[in-house]
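Read the structure below first, then the notes.
The model shown is predicted, which means the values in this text are computed figures rather than measured ones.
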Amino acid sequence: MPLYENQELKIYNSLTGTKEIFKPINEGHIGMYVCGPTVYSNVHLGNCRTFMSFDMIFRYLKHLGYKVRYVRNITDAGHLVDDAEDGEDKIAKKARLEKLEPMEVVQRYTLDFHNILEKFNFLPPSIEPTATGHIIEQIEIIKDILSKGYAYEANGSVYFDVAAFNETNDYGKLSGRKLEDMIANTRELTAQDEKKNPQDFALWKKAEPQHIMRWPSPWGDGFPGWHLECTAMSTKYLGETFDIHGGGMDLKFPHHECEIAQAEASYGQSPVNYWMHANMLTMNGKKMAKSTGNNILPGEIFTGENKILSKAFAPSVVRFFMMQAHYTSILDLSDDALLASEKGFNRLMEAFATLQSLTPAGSNSDFDVTNWKASCYEAMNDDFNTPILIAHIFEAVKHINLIKEGKEQISEVDKTQLEETLHAFIFDILGLQQNTGNSKDTEKLSGVVELLIELRKDARVNKDFATSDRIRDQLAELGIQLKDGKEGTTFSIQ
RNA sequence: GGCAUCGUGGCCGAGUGGCUAGGCACAGCUCUGCAAAAGCUUGUACAGCGGUUCGAAUCCGCUCGAUGCCUCCA
């Protein structure tokens, strides 16, 4: 029996603004679409947080036994640089600046994206479709929306008619906006003659002669509008209505609002049952932006080559840091916060290693593992509450250390259950990884340190504390910490 | 200017109308040759001002502040 049958998962649905019990359309199967990156520059750290949240969600859904088709697109057609002025494609512009072919830019930053996600230990999505690979599907949707009267052609471009749509549907229901308010707040856009109304958005945009990325269409050469690719690809791979659609909070309006409008206009039904939005990442209390310099690339955190943080941090430490906050909360990145997370992360990893070497005893345990396990699931079932889960995990850490000290005991059965559960939550669901260096070198190093530990032990027996302290202190300077315990000395490498 | 989310102890960050989040830091204790590690103990915080309530940090209103969106932006 799959796990999900005994678990009641609740998800905060942005569309309704409430936490709802999750029920997939087809029992045991879940379709999930997440808006992926625009590959015209290095992947943004905040973007990584969004994808990491959905990676965790993907992992948990799978853990529960669901068959999940997870689609995360690559936006390689680019968005318009400035719709009102020149209609230039963002990727095409970047290409000209760097004197590259557009697809060369796309390739470079797609590789960067995959490289960073791999370091963060992301699971690959089931399908990673590209916008340029689905031009035909997008054109078909435009034709369909035109035929239903929710769009109009103007000078080689096609625009979605928001006003017409709003007469039969509710434009703005996701972001809590009302069309009349939007109209009232819009400034005069004189250069905007092609559109009937400023709220209208492009489904197809005519390509100017200098525009490099272009495809033929019934309306002439051009390229698809900003929001259409997600509608085309989510529909193609997940159906006209699917379970979960995710993305960053910043995409809620207009992007996701437009997706709903396109799908409803074309298919006559609401495309998504559960809308999920991951919140923003700030740094030192301010929004991250290249323009203000308040920005850091993921790779710069891993190498420590930056002016913001005091040292390098491993991808798993960053991941642990992000998992300590709920995905719907704004999270603030700072040196102090990462330093604190790193210590907590190391303590957790050491406790897990300790657990494996623990000797079970007796038939009773001082730690109610079954109950504890249930509360871990309870935390995750409550809208993927990873910070609460981590709080529970540290409860287990406390008990592991107490058992190690001989102050508590654990039965064989409970030890096995604890180990399995911790493994599932720490590695499978949170996606954390043990920091492992080059294994061959690590082995050699371990041998050397073990030898020094032996020598120090002898010195201590002989009360030669000058020598024993010298070994301990010099190793500490190298970042190797010796830890004296009841069962002997262990060590950890920073 | 409009819409939205939020404002928690030294720092990060959960949470509920009345009962311990957790991590990090700090202090005391246990352990130790001394330390470190580990464990134990302690912190009565919830932006401000009103209101609802027997009772609110948790509900409502206002003020201030932050962040996001309103224009490409994760």
Side-chain angles (χ1 to χ4, degrees), chain A residues 14 17 34-38 40-41 43-51 78-85 88-90 93 172 175-178 181-182 184-187 189 198-199 226 247-255 257 277-282 285-291 320-321 324-326 328-345 347-348 350-351 354 379 382 385-395 397-408 460 463-465 468-469 472-473 476 481-486 489-492:
Chain A
S14 305
V34 172
C35 292
T38 303
Y40 70 97
S41 64
V43 63
H44 187 114
L45 185 63
N47 212 168
C48 289
R49 185 195 177 199
T50 298
F51 299 139
H79 287 175
L80 302 173
V81 159
D82 190 336
D83 170 26
E85 283 167 22
E88 188 171 20
D89 187 305
K90 192 174 256 178
K93 181 176 186 184
S175 54
R177 284 156 212 253
K178 288 194 170 16
D181 293 345
M182 285 189 259
N185 288 321
T186 312
R187 289 183 218 137
L189 293 174
Q199 290 72 229
W226 330 341
M249 199 70 105
D250 51 337
L251 297 180
K252 203 169 177 183
F253 187 90
H255 183 61
E257 201 71 71
H277 289 97
N279 217 138
M280 304 292 108
L281 181 73
T282 57
K286 301 245 166 59
K287 99 180 240 193
M288 294 180 75
K290 278 178 222 163
S291 53
F320 179 72
F321 162 73
Q324 274 183 300
H326 190 79
T328 56
S329 296
I330 294 173
L331 173 64
D332 188 50
L333 181 100
S334 65
D335 196 45
D336 285 347
L338 281 175
L339 249 14
S341 286
E342 185 176 52
K343 289 194 177 166
F345 174 76
R347 203 171 137 232
L348 171 61
E350 284 179 27
T354 301
D382 186 15
N385 200 324
T386 52
I388 293 286
L389 170 69
I390 289 171
H392 290 319
I393 288 175
F394 273 100
E395 273 300 302
V397 167
K398 190 165 125 182
H399 286 287
I400 289 168
N401 287 322
L402 282 169
I403 295 162
K404 177 181 137 201
E405 301 242 320
K407 289 177 179 165
E408 284 191 359
R460 291 178 74 194
K463 302 227 186 289
D464 179 8
F465 297 125
S468 70
D469 287 357
R472 178 228 284 163
D473 296 342
Q481 186 189 36
L482 298 187
K483 293 186 256 196
D484 297 326
K486 285 250 189 302
T489 302
T490 56
F491 68 96
S492 66

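For Asn279(A), no side-chain nitrogen or oxygen approaches OP1 or OP2 of U5(B) to under 4.0 Å. Phosphate contact (OP1/OP2 of A37(B), side-chain N/O of Thr490(A), threshold under 4.0 Å): absent. Distances shown here put a side-chain N or O of Lys398(A) below 4.0 Å from the OP1 or OP2 atom of C40(B). In this model, the phosphate group of U67(B) is not approached by any side-chain N or O of Lys286(A) to a distance below 4.0 Å at OP1 or OP2. Within the 4.0 Å cut-off from OP1 or OP2 of A37(B), not a single side-chain nitrogen or oxygen of Arg347(A) is found.
A pairwise comparison of heavy atoms in Thr386(A) and Ala325(A) identifies OG1-O, 3.6 Å as the closest pair.
The shortest side-chain heavy-atom distance between Leu45(A) and Leu333(A) falls under the 4.5 Å cut-off.
Here the nucleotide nearest the side chain of Lys483(A), chosen from A74(B), A36(B), G22(B), is A36(B). Comparing C69(B), A74(B), C11(B) against the side chain of His44(A) picks out A74(B) as the nearest. Of the candidate nucleotides C11(B), A35(B), A37(B), A35(B) has the atom lying nearest to any side-chain atom of Asp484(A). Here the nucleotide nearest the side chain of Gln481(A), chosen from A36(B), G23(B), A74(B), is A36(B). When each of C12(B), G39(B), C34(B) is scored by its nearest atom to the side-chain atoms of Asp469(A), the top-ranked nucleotide is C34(B). Here the side chain of Arg177(A) is nearest to one of A35(B), C70(B), C11(B), namely C70(B). The side chain of Thr282(A) has U67(B) as its nearest neighbour among U67(B), A37(B), C70(B). The side chain of Arg460(A) approaches G33(B) more closely than any other nucleotide in the set C24(B), A74(B), G33(B). Comparing C24(B), C12(B), G23(B) by their nearest atom to the side chain of Phe394(A) picks out G23(B). Closest contact between the side chain of Asn47(A) and the listed nucleotides A35(B), A74(B), A14(B) involves A74(B).
As rounded to the nearest Å, A37(B) and C26(B) have P atoms that lie 9 Å from one another. As rounded to the nearest Å, A57(B) and G23(B) have P atoms that lie 25 Å from one another. The separation of C40(B) from C31(B), taken at their C1' atoms, amounts to 11 Å, rounded to a whole angstrom. Comparing the same atom, C1', in U32(B) and in A38(B) gives a spacing of 12 Å after rounding to whole Å. Atom name P, nucleotides C34(B) and C29(B): the rounded distance is 13 Å, in whole Å. The separation of G65(B) from C24(B), taken at their P atoms, amounts to 36 Å, rounded to a whole angstrom. Going from the C1' atom of G9(B) to that of G43(B) covers 8 Å, rounded to whole Å. Rounded to the nearest Å, the gap between the C1' atom of U20(B) and that of G15(B) is 12 Å.
The distance from atom NE2 of His277(A) to atom P of C69(B) is 13 Å, rounded to the nearest whole Å. Look at CZ on Phe345(A): it is 16 Å from P on G23(B), rounded to the nearest Å. Taking atom CD1 of residue Ile330(A) and atom C1' of nucleotide A66(B), one finds them 8 Å apart after rounding to whole Å. What separates CD of Glu395(A) from P of A14(B) is a distance of 19 Å, to the nearest Å. A straight line from CG of Asp332(A) to C1' of U5(B) spans 16 Å, rounded to a whole angstrom. We find that CG of Leu389(A) is positioned 12 Å from C1' of A14(B), with the value rounded to whole Å. Ile390(A) has its CD1 atom 17 Å from the P atom of C12(B), to the nearest Å. When rounded to the nearest whole Å, the span between CG of Asp250(A) and P of C69(B) equals 6 Å.
Of the two residues near RNA chain B, His392(A) and Glu405(A), the one whose nearest nucleotide lies more 5' is His392(A).
When heavy atoms are screened at a 4.0 angstrom cut-off, Gly46(A) is found touching base atoms of the nucleic acid. Thr328(A) comes within 4.0 angstrom of nothing in the nucleic acid, heavy atoms only. Residue Leu281(A) is classed as a base contact, given a heavy-atom separation below 4.0 Å to a base. Residue Tyr40(A) is in sugar-phosphate contact alone, with no base atom involved, counting any heavy-atom pair closer than 4.0 Å across all strands shown. Backbone-only contact: Lys343(A) has heavy atoms under 4.0 Å from sugar-phosphate atoms and none from a base. Residue Leu482(A) is in base contact, counting any heavy-atom pair closer than 4.0 Å across all strands shown. Phe465(A) comes within 4.0 angstrom of a base, heavy atoms only.
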Side chain to side chain contact (heavy atoms under 4.5 Å, CB included) between Asp469(A) and Arg472(A), worked out: CA-CA 5 Å; Asp469(A) 287 357; Arg472(A) 178 228 284 163; 3.5 Å; yes
side-chain hydrogen bond (donor to acceptor under 3.5 Å, both in side chains) between Asn279(A) and Thr328(A), intermediate numbers included: CA-CA 5 Å; Asn279(A) 217 138; Thr328(A) 56; over 6 Å; no
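Nucleotide G10(B): paired with C24(B) (Watson-Crick or G-U wobble, both distances less than 3.5 Å). With a cut-off of 3.5 Å on both pairing distances, G33(B) has no Watson-Crick or G-U wobble partner at all. Base pairing of C69(B): its partner is G2(B), meeting the Watson-Crick or G-U wobble criterion (both donor-acceptor distances under 3.5 Å).
In this structure, the side chain of Glu257(A) engages the main chain of Ser175(A) through a donor-acceptor pair within 3.5 Å. Judged by distance alone, with hydrogens and angles left aside, the side-chain atoms of Ser468(A) form a donor-acceptor pair with the main-chain N or O of Phe465(A) at under 3.5 Å. Counting only distance, with no hydrogens or angles, the side chain of Asp382(A) and the backbone of Asn385(A) share no donor-acceptor pair below 3.5 Å.
Ion pairing of Asp250(A) with Lys287(A) is absent here, as no side-chain N (NZ or NE/NH1/NH2) approaches a carboxylate O to less than 4.0 Å.
Atom CD in Gln199(A) sits 11.5 Å away from atom CZ in Arg177(A) (nearest 0.5 Å).
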